[in-house]
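Reviewing the structure listed below.
All chains are named by letter (A, B, ...) in the order of the sequence lines, taking the proteins before the strands, and each is independently numbered beginning at 1.
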There are 2 protein chains.
Amino acid sequence: MVVKPLKVALLGCGTVGSAVLRLIDEQADDLAARVGRPVEVAGIAVRRPAHHPDVPQHLLTTDAQALVSRDDVDLVVEVIGGIEPARTLILAAFEAGKSVVSANKALLADDGPALHAAAAKSGVDLYYEAAVAGAIPLLRPLRESLAGDQLRRVVGIVNGTTNYILSRMAETGAGFAEALAEATELGYAEADPTADVDGFDAAAKAAILASLAFHTPVSAADVYREGISAVSATDVARAAEIGCTVKLLAICERVENGNGDSVAVRVHPAMIPTTHPLASVGGAFNAVFVEAEAAGQLMFYGQGAGGEPTASAVLGDLVAVARNRLAGASGQGPTGYANLDVRPIADTPTRYHVSLDVADKPGVLATVAQEFARHEVSIATVRQDGHGDAATLVIVTHSAPDAALSATIAALRDMPAVRGVTSVLRVEGLS
Amino acid sequence: MVVKPLKVALLGCGTVGSAVLRLIDEQADDLAARVGRPVEVAGIAVRRPAHHPDVPQHLLTTDAQALVSRDDVDLVVEVIGGIEPARTLILAAFEAGKSVVSANKALLADDGPALHAAAAKSGVDLYYEAAVAGAIPLLRPLRESLAGDQLRRVVGIVNGTTNYILSRMAETGAGFAEALAEATELGYAEADPTADVDGFDAAAKAAILASLAFHTPVSAADVYREGISAVSATDVARAAEIGCTVKLLAICERVENGNGDSVAVRVHPAMIPTTHPLASVGGAFNAVFVEAEAAGQLMFYGQGAGGEPTASAVLGDLVAVARNRLAGASGQGPTGYANLDVRPIADTPTRYHVSLDVADKPGVLATVAQEFARHEVSIATVRQDGHGDAATLVIVTHSAPDAALSATIAALRDMPAVRGVTSVLRVEGLS
């Protein structure tokens with residue numbers, strides 16, 4: 001009996017695409033056994049075929065639109081990235097009745113609900129495990145394994161470039177610019193590092209994580225975002241002084257209100273205690289810490305980027321959608337039924353670490369403390385170090401609405417007794 | 001329109017069962033939204049109804065056999081544990097066309113392939129995420145997320161009781177008996193701690209993990225097993241001296257042979273470097289470290305036991321099998337297609353750490369080193385500390401077949417120059 005293979009259209013053939021291609025070839029026997037049918041590549045859509053001398057030339061095409069709707073194509077893998085033409089091609093694939101595996105965080109964070117609705121309408125799957133934290137199985141656990149639980153928080157280091165830069169700043173005492181230059185030289189940062197360094201990449205992933213975790217549509221535009229370019233060597237040194245380290249965190253929280261819960265989703269650098277499980281996640285690794293009501297604390301750790309790890313996640317999804325296709329079913333998609341409000345950063349409770357240079361004379365501490373009190377911000381710890389006629393004041397606050405904290409900082413900057421606000425960073429994970 | 005709820009038969013109502021019951025009740029609205037239909041408990045089978053005054057009395061029954069085949073029951077949750085009557089009841093449920101969610105590691109490790117075959121024959125699901133590492137999403141990631149990858153190793157701390165005991169030994173310098181007594185008093189160890197302390201529990205979990213990871217049927221009987229009762233305060237101190245800590249590890253490996261790969265599955269205490277991600281997993285937590293060809297290194301961390309965490313895993317499976325039932329499909333079961341040989345411990349490459357008390361006189365080190373060489377065991381590091389007419393010799397070997405290592409130890413014990421072998425432990429994770 002001749003078994004008809006499942007045919008895959010591959011859109012894009014860069015680092016991830018070529019790793020996908022290689023794995024499909026190398027693991028052909030295993031994939032066939034796991035899917036229940038051989039899996040074959042039907043075609044590869046690229047912009048410039050001449051740039052891909054190493055792949056089977058007869059598979060290459062520049063007409064992606066025609067490829068996704070070809071009758072002999074069963075499944076589509078989209079690893080082009082970016083919004084267009086990826087969105088149009090994915091919608092065309094759904095229209096033609098084909099399930100899609102994507103690694104496209106920007107598109108999913110921008111337009112997830114519409115894409116899911118289109119997939120559901122056609123009765124096909126849209127899977128994208130590779131879009132967040134590369135090889136780390138994360139979306140499937142959130143969507144399926146924890147489907148019987150109530151998630152409270154998802155806190156992740158989801159961008160390897162910024163984590164590498166911050167790790168190097170902590171190790172060497174270097175400033176941001178110097179660490180970025182090193183990361184660029186070693187290939188950990190792209191020529192234009194904006195998407196990573198300014199937190200856009202992490203914000204897209206945060207939106208996807210929050211959507212799944214809280215059954216609420218969250219888009220990248222809903223995510224409060226601060227990058228790491230303002231993190232100074234002083235910030236990193238100050239963090240070390242209080243037993244902390246600086247990480248760029250993606251934080252998705254369910255916040256209890258008087259009248260119903262809401263969600264808060266934010267990306268910003270923060271000090272976390274060195275004893276926190278996320279603190280030891282170094283270099284280009286990713287990790288995501290999850291707090292659920294019944295499950296308690298969970299952590300997922302692994303490689304967040306790179307061709308092979310990302311391709312591993314793509315192939316895991318490919319096996320799943322292929323099996324669904326053979327079973328004539330579609331998998332468990334995300335649901336937006338909870339539809340919670342997204343709370344702005346101003347109302348989100350956070351904690352601040354503040355370093356001030358002040359005049360070392362009587363009454364200064366009292367004046368500074370009054371300013372915190374005036375904004376109803378409670379102080380957790382204060383440390384004052386005198387040196388000559390000046391002193392350094394290091395203050396860690398309790399939790400307060402972010403707006404109250406930033407208003408306090410603005411007021412401090414205007415105080416005559418305060419010569420300078422030398423470091424301001426949020427603090428997470430302190431009890 | 002009245003929507004018919006999905007009805008669940010709950011078998012067993014101990015710590016896990018009552019947590020499942022509570023979560024089904026508390027999260028009724030969320031479960032209904034996630035499944036697509038309300039989920040209700042149809043009946044609870046227990047041995048002694050009088051012991052369960054807190055659950056709805058009209059749901060209690062002592063006739064589990066009748067409950068699992070009742071027409072109004074759609075799904076079965078088995079949290080009785082042990083081999084019988086769990087096995088018979090699960091098979092009866094399959095026979096009656098009902099999918100089963102189980103937390104039963106002993107049964108799955110003992111008889112997994114037969115149970116899966118019975119489920120497949122009836123076209124229903126058998127899910128058991130809760131059987132290994134409690135709340136940590138692990139089996140679904142292994143089975144699905146990594147289905148497009150080739151797993152190399154799975155190394156886990158999967159028993160909280162022994163991890164608590166070993167953590168306390170490291171923290172306090174206590175011996176095994178003392179730490180066990182403390183664990184028993186605090187409720188971390190059962191009155192009869194055999195299943196945990198002698199590694200039976202970890203071996204069952206290792207069998208399940210290896211089966212999924214390597215697409216090969218592995219039963220508990222295939223797992224080499226050593227418990228922690230022989231781990232001494234000296235072993236723990238010696239580990240610290242070389243920058244290591246002692247953990248009970250479940251190790252599932254794919255080992256390359258000349259004529260095809262095989263798998264090696266073992267549970268034993270081992271020294272691991274304190275820098276290894278598993279080393280900092282303390283107390284009753286569990287963690288599993290995975291190495292895959294494309295994905296690289298991954299780690300999963302969380303609570304491995306307890307009513308609520310285990311119930312979270314059970315409910316995640318319940319949502320999945322309920323959705324499958326409504327879709328008229330069954331999920332992705334494990335496959336045994338690779339059917340690799342299970343390699344005995346004697347042939348499995350391991351590394352040893354050995355401490356010897358020897359006479360401090362010329363030629364002893366040479367004699368000892370010769371004994372290693374005679375068994376073709378290569379030495380990685382040696383440290384000799386003289387004290388009076390005696391000396392301590394601490395040797396870490398390179399990797400060698402376990403049989404050669406244990407034969408070396410036996411020979412050393414018989415050497416006149418060796419006054420005593422004071423510590424022997426395997427070493428993992430050293431480069």
Side-chain angles (χ1 to χ4, degrees), chain A residues 19 23-24 26-27 30-31 33-35 129 134-142 144-150 215 277 280 285 287 289-290 292-303 306-309 311-320 323-324 327-330 332 335 337-338, chain B residues 19-20 23-24 26-27 30-31 33-35 129 134-142 144-150 215 277 280 285 287 290 292-303 306-309 311-320 323-324 327-330 332 335 337-338:
Chain A
L23 289 180
I24 288 181
E26 281 174 12
Q27 306 197 7
D30 284 301
L31 289 174
R34 294 173 194 178
V35 168
E129 182 67 75
I136 310 173
L138 188 60
L139 305 193
R140 186 175 275 105
L142 284 181
E144 300 182 21
S145 307
L146 291 162
D149 208 332
Q150 202 69 261
H215 301 272
S280 53
F285 273 82
F289 192 75
V290 175
E293 214 134 285
Q297 301 184 331
L298 301 167
M299 196 170 84
F300 303 81
Y301 170 92
Q303 292 188 59
E308 296 268 320
S312 168
V314 168
L315 259 74
D317 279 353
L318 188 63
V319 170
R323 291 180 56 107
N324 288 345
S330 61
Q332 185 168 340
T335 60
Y337 73 88
Chain B
V20 167
L23 289 180
I24 288 180
E26 282 174 11
Q27 306 197 6
D30 285 301
L31 289 174
R34 294 172 195 179
V35 167
E129 182 67 75
I136 310 174
L138 187 61
L139 304 194
R140 186 175 275 102
L142 283 182
E144 300 182 22
S145 309
L146 291 162
D149 209 331
Q150 201 70 260
H215 301 272
S280 54
F285 273 82
V290 174
E293 213 133 286
Q297 301 185 331
L298 301 168
M299 194 171 83
F300 303 81
Y301 170 92
Q303 290 189 60
E308 297 268 321
S312 168
V314 168
L315 259 74
D317 279 353
L318 189 62
V319 169
R323 292 180 56 106
N324 288 345
S330 60
Q332 185 167 340
T335 59
Y337 73 87

Q) In terms of heavy-atom pairs under 4.5 Å, which option from A:P137, A:A135, A:A292, A:A313 contacts chain B the most? A) A:P137
Q. Measuring heavy-atom distances to chain B, does A:Q27 have an atom under 4.5 Å in its side chain, in its backbone, in both, or in neither?
A. side chain
Q) Which one, A:A295, A:G316, A:G302, leads in non-hydrogen pairs under 4.5 Å with chain B? A) A:A295
Q: List the atom of B:R34, the atom of A:A147, and the distance in Å for their closest heavy-atom pair.
A: NH1-O, 2.7 Å
Q) With only heavy atoms counted, which part of A:L31 is less than 4.5 Å from chain B, the side chain, the backbone, both or neither? A) side chain
(Q) Heavy-atom cut-off 4.5 Å, strictly under: side chain, backbone, both or neither for A:I136 against chain B? (A) both
(Q) Apply side chain to side chain contact (heavy atoms under 4.5 Å, CB included) to residues B:I24 and B:L318 and explain how you reach the verdict. (A) CA-CA 10 Å; B:I24 288 180; B:L318 189 62; 4.0 Å; yes
Q. Which region of A:E129, side chain (C-beta onward) or backbone (N, CA, C, O), has a non-hydrogen atom less than 4.5 Å from a non-hydrogen atom of chain B, or is it both or neither?
A. side chain
Q. Given that the side chain runs from C-beta out, which part of B:L146 has a heavy atom under 4.5 Å from chain A: side chain, backbone, both or neither?
A. both
Q) Under a 4.5 Å heavy-atom cutoff, which of A:D30, A:L23, A:L138 has the most pairs with chain B? A) A:D30
Q: With rounding to the nearest 0.5 Å, note down the distance linking CZ in A:R140 to CG in A:D317.
A: 5.0 Å
Q: Over all heavy atoms of both residues, which pair between A:P309 and A:G306 is shortest? Give the atoms and the distance, please.
A: CD-O, 3.5 Å
(Q) Heavy-atom cut-off 4.5 Å, strictly under: side chain, backbone, both or neither for A:A329 against chain B? (A) side chain
Q: Apply side chain to side chain contact (heavy atoms under 4.5 Å, CB included) to the pair B:Y301 and A:Y301, showing each step before the final yes or no.
A: CA-CA 8 Å; B:Y301 170 92; A:Y301 170 92; over 6 Å; no
**Q.** Options A:Q303, A:E26, A:Q297, A:H215, ranked by heavy-atom pairs under 4.5 Å with chain B, top entry
**A.** A:H215
Q: First locate atom CD of B:E308, then atom CD of A:E293, and finally report the distance between them rounded to the nearest 0.5 Å.
A: 8.5 Å
**Q.** Point-to-point distance, once rounded to the nearest 0.5 Å, from CG of B:L298 to OG of A:S312
**A.** 7.5 Å
(Q) So for A:F300, is it side chain, backbone, both, or neither that comes closer than 4.5 Å to the heavy atoms of chain B? (A) both
